[in-house]
S.K.: 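Below is one structure. I have some questions about it.
Order of the sequence lines fixes the chain letters, A, B, ..., with proteins taken first and strands second; residue numbering starts at 1 for each chain.
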There are 2 protein chains.
Amino acid sequence: MYNILVVDDDKEIVNAIEIYLSQEGYHIIKAYDGEEALEKLKENEIHLIILDIMMPNKDGIETLQEIRKDKTIPVIMLSAKSEDYDKIAGLNTGADDYVTKPFSPLELIARVKSNIRRYVDFSHANDTNGKNKNQKEKVLKTGTLEMNDETKKVMVDGKDIKLTATEYNILKFLLENKGKVYSIEQIYENVWNEESYGAENIIAVHIRHIREKIEINPKDPKYLKVIWGIGYKVEDIQ
Amino acid sequence: MYNILVVDDDKEIVNAIEIYLSQEGYHIIKAYDGEEALEKLKENEIHLIILDIMMPNKDGIETLQEIRKDKTIPVIMLSAKSEDYDKIAGLNTGADDYVTKPFSPLELIARVKSNIRRYVDFSHANDTNGKNKNQKEKVLKTGTLEMNDETKKVMVDGKDIKLTATEYNILKFLLENKGKVYSIEQIYENVWNEESYGAENIIAVHIRHIREKIEINPKDPKYLKVIWGIGYKVEDIQ
DNA sequence: TCCCTTTTTTTAGGAATCCTTAATAAAAAA
DNA sequence: TTTTTTATTAAGGATTCCTAAAAAAAGGGA
């Protein structure tokens, strides 16, 4: 079975997580600060890490950066509700997912399962060719539209495009899944990490802004297309 | 259908909740304190729990902690007005959601549905073999008719077909069950997720539209056939 | 901290597209 | 032929999407 490293200075939370996840058949290894986490990571074979952001000694973001120097295992960040700055910082430094406290046990379980599945699926899928798919593709591309997720630069026809954070995230999500059609709800839930609740126009507005920036003729989009009654997609162009 | 355990010492509230939720097709099991709740939980297969925080004998938080020792089903906490301390305490001890009293029936129903959708529908689907059973086959096919449910593309003889959302859903339903014959009522109920109520022509109209798009000769359909007096089917062709 | 700028969300109106209804025609069964 | 069932057609009414602009929130610099 899989070993999960749980890192949080709040012992109650660590214990609670242990209860939830061990019921699902995972084996839990605990750490209470960043330093300890790095030690445990060396000593054990870990398949996934749950990492709190606010911690003494070495906080979650620093710890994550250390981890990422030589590991690509999935990391789920834990952050207190309102510190969404941390969310972004965490995600930009290599987290695979995040969960806000207080969190629902089932949500945590779902995310753990999903991240493990993705990780395991990918690592089995590509023994043959040299490229490691665990390292997510950093440059996303369709037609003449390019997005470099490391530098956060977006280009169309070789020209720089300046997107806002939200616009970037929406485009990134659709570009990572180019060709596939997603409903407004799905887009919202994937980009905001929250349940969508009547947030339909928000997407429409951002879509329009993105189109204004990446499309030659926003009224007849080449990349960001609507599938009437179903959702949106980014066209997959060779 | 789903069984919901409702726990509150106020019988009126329990009865009110029963009325709301049974109208939505849920089966309600009642308990009036924490001890009773734990008993009912042992005796029945419960899919979701609605749990009041303030109760005699054993309060909601204690009860929740007991539950969490060996169950991971979704729990929605009920808390009086503004005691948001309880909310947080409840969530940190493993609640998945909470609703404050007084609550609107619609809000409660929405949260129940959302929690069941997120955590119950999917959880049992992929235990046995590697493949997720909920993940239906992505590409549906019969003869030269192909449907890709990820890209929402439909092709006949290699040519793109543009269907509307409803047409797509009808064809998808019949294609997922190719060869089988469904009555107009069954098609309506499966595609609209509502009781069919004399809405017979609707299907006929859509069927005609689909035929116009996918059939060479709509009057003598090759794929979408009528079984006179019984219903429609999509022919299963190798 | 406050102010200014930028970004995000909300609101509202209009436009495009699709769904449903209803009426009639055609086909199959009785 | 009569009855029942399905097919066809066309027009409102309803959805869904687009657009603009203003309000609200977030970010940045003094």
S.K.: In terms of side-chain heavy atoms of B:Arg208, which of D:dC18, D:dA7, D:dT9 is nearest?
M.R.: D:dT9
S.K.: Can you pull out how bent the helix from C:dT1-D:dA30 to C:dA30-D:dT1 is, comparing the axes over its first five and last five pairs, to 10°?
M.R.: 40°
S.K.: Whole angstrom is fine here: how far is it from CG in A:Leu171 over to P in C:dT8?
M.R.: 13 Å
S.K.: Tell me which residues in residues 161-170 of chain B put a heavy atom below 4.0 Å from DNA chain D, sorted by number, or none.
M.R.: none
S.K.: Using a distance-only test with no angle check, is there a side-chain donor-acceptor pair under 3.5 angstrom linking B:Asn217 and B:Lys222?
M.R.: no
S.K.: Nearest to the side chain of A:Val226, heavy atoms from C-beta on, is which of D:dA7, C:dT20, D:dC18?
M.R.: D:dC18
S.K.: Run the side-chain hydrogen bond (donor to acceptor under 3.5 Å, both in side chains) test on B:Asp97 and B:Asn115 for me, step by step, so that the C-alpha distance in whole Å, both residues' side-chain angles and the decisive distance to 0.1 Å come before the verdict.
M.R.: CA-CA 8 Å; B:Asp97 207 346; B:Asn115 276 279; 3.2 Å; yes
S.K.: Is B:Arg117 salt-bridged to A:Glu195, cutoff N-O under 4.0 Å?
M.R.: yes
S.K.: Please determine whether a side-chain nitrogen or oxygen atom of A:Tyr188 lies at a distance below 4.0 Å from atom OP1 or OP2 of C:dT8.
M.R.: no
S.K.: Atom CD1 of A:Ile207 and atom C1' of C:dT9: how far apart are they, to the nearest Å?
M.R.: 15 Å
S.K.: Of all the choices, D:dT6, C:dT10, C:dT8, which nucleotide is nearest to the side chain of A:His206 once you look at every atom?
M.R.: C:dT8
S.K.: Can you confirm whether more than 12 heavy atoms, excluding those of A:Lys178, are under 6.0 Å from its NZ atom?
M.R.: yes
S.K.: Can you see if the side chain of A:Tyr197 gets near the phosphate of C:dT9 - specifically, an N or O under 4.0 Å from OP1 or OP2?
M.R.: no
S.K.: Would you call the rings of A:Phe103 and A:Tyr20 parallel, tilted or perpendicular, taking 30° and 60° as the class edges?
M.R.: perpendicular
S.K.: Step through it carefully: locate the ring centre of B:Tyr182, locate the ring centre of B:Phe173, and say whether they are under 6.0 Å apart.
M.R.: yes
S.K.: With a 6.0 Å cut-off (strictly less than), is the heavy-atom count around NZ of B:Lys213, excluding the residue itself, greater than 12?
M.R.: yes
S.K.: Determine whether more than 12 heavy atoms belonging to other residues, nucleotides or ligands lie under 6.0 Å from atom NZ of A:Lys141.
M.R.: no
S.K.: Rounded off to whole Å, could you give me the CD1-to-C1' distance for the A:Ile203 and D:dT19 pair?
M.R.: 16 Å
S.K.: Take atom CD1 of A:Ile184 and atom P of D:dT15, then tell me their distance rounded to the nearest Å.
M.R.: 15 Å
S.K.: Is a salt bridge present between B:Asp149 and B:Lys172, judged by a nitrogen-to-oxygen distance below 4.0 Å?
M.R.: yes
S.K.: Between A:Lys213 (NZ) and D:dT19 (C1'), how many Å, whole number?
M.R.: 16 Å
S.K.: Quick one: is C:dA16 close enough that its OP1 or OP2 comes under 4.0 Å of any side-chain N or O from A:Lys219?
M.R.: no
S.K.: Base contacts versus sugar-phosphate-only contacts with protein, heavy atoms under 4.0 Å: please encode nucleotides 23-30 of chain C as B, S and - from 5' to 3'.
M.R.: B---BSS-
S.K.: Any idea which of C:dT9, D:dA7, C:dT20 is nearest the A:Trp192 side chain?
M.R.: C:dT9
S.K.: Provide, to the nearest angstrom, the distance between the CD1 atom belonging to A:Ile227 and the C1' atom belonging to D:dC17.
M.R.: 13 Å
S.K.: Can you classify the ring geometry of B:His206 versus B:His209 as parallel (below 30°), tilted (30 to 60°) or perpendicular (above 60°)?
M.R.: perpendicular
S.K.: Salt-bridge test for B:Glu24 and B:Lys113: reply yes if a basic N is under 4.0 Å from a carboxylate O, no otherwise.
M.R.: yes
S.K.: So does A:Asp96 pair up with A:Arg68, basic N to acidic O under 4.0 Å?
M.R.: yes
S.K.: Figure out the NE2/P separation between A:His209 and D:dT19, and round it to whole Å.
M.R.: 11 Å
S.K.: Using whole Å, report how far CD1 of A:Ile187 lies from P of D:dC17.
M.R.: 10 Å
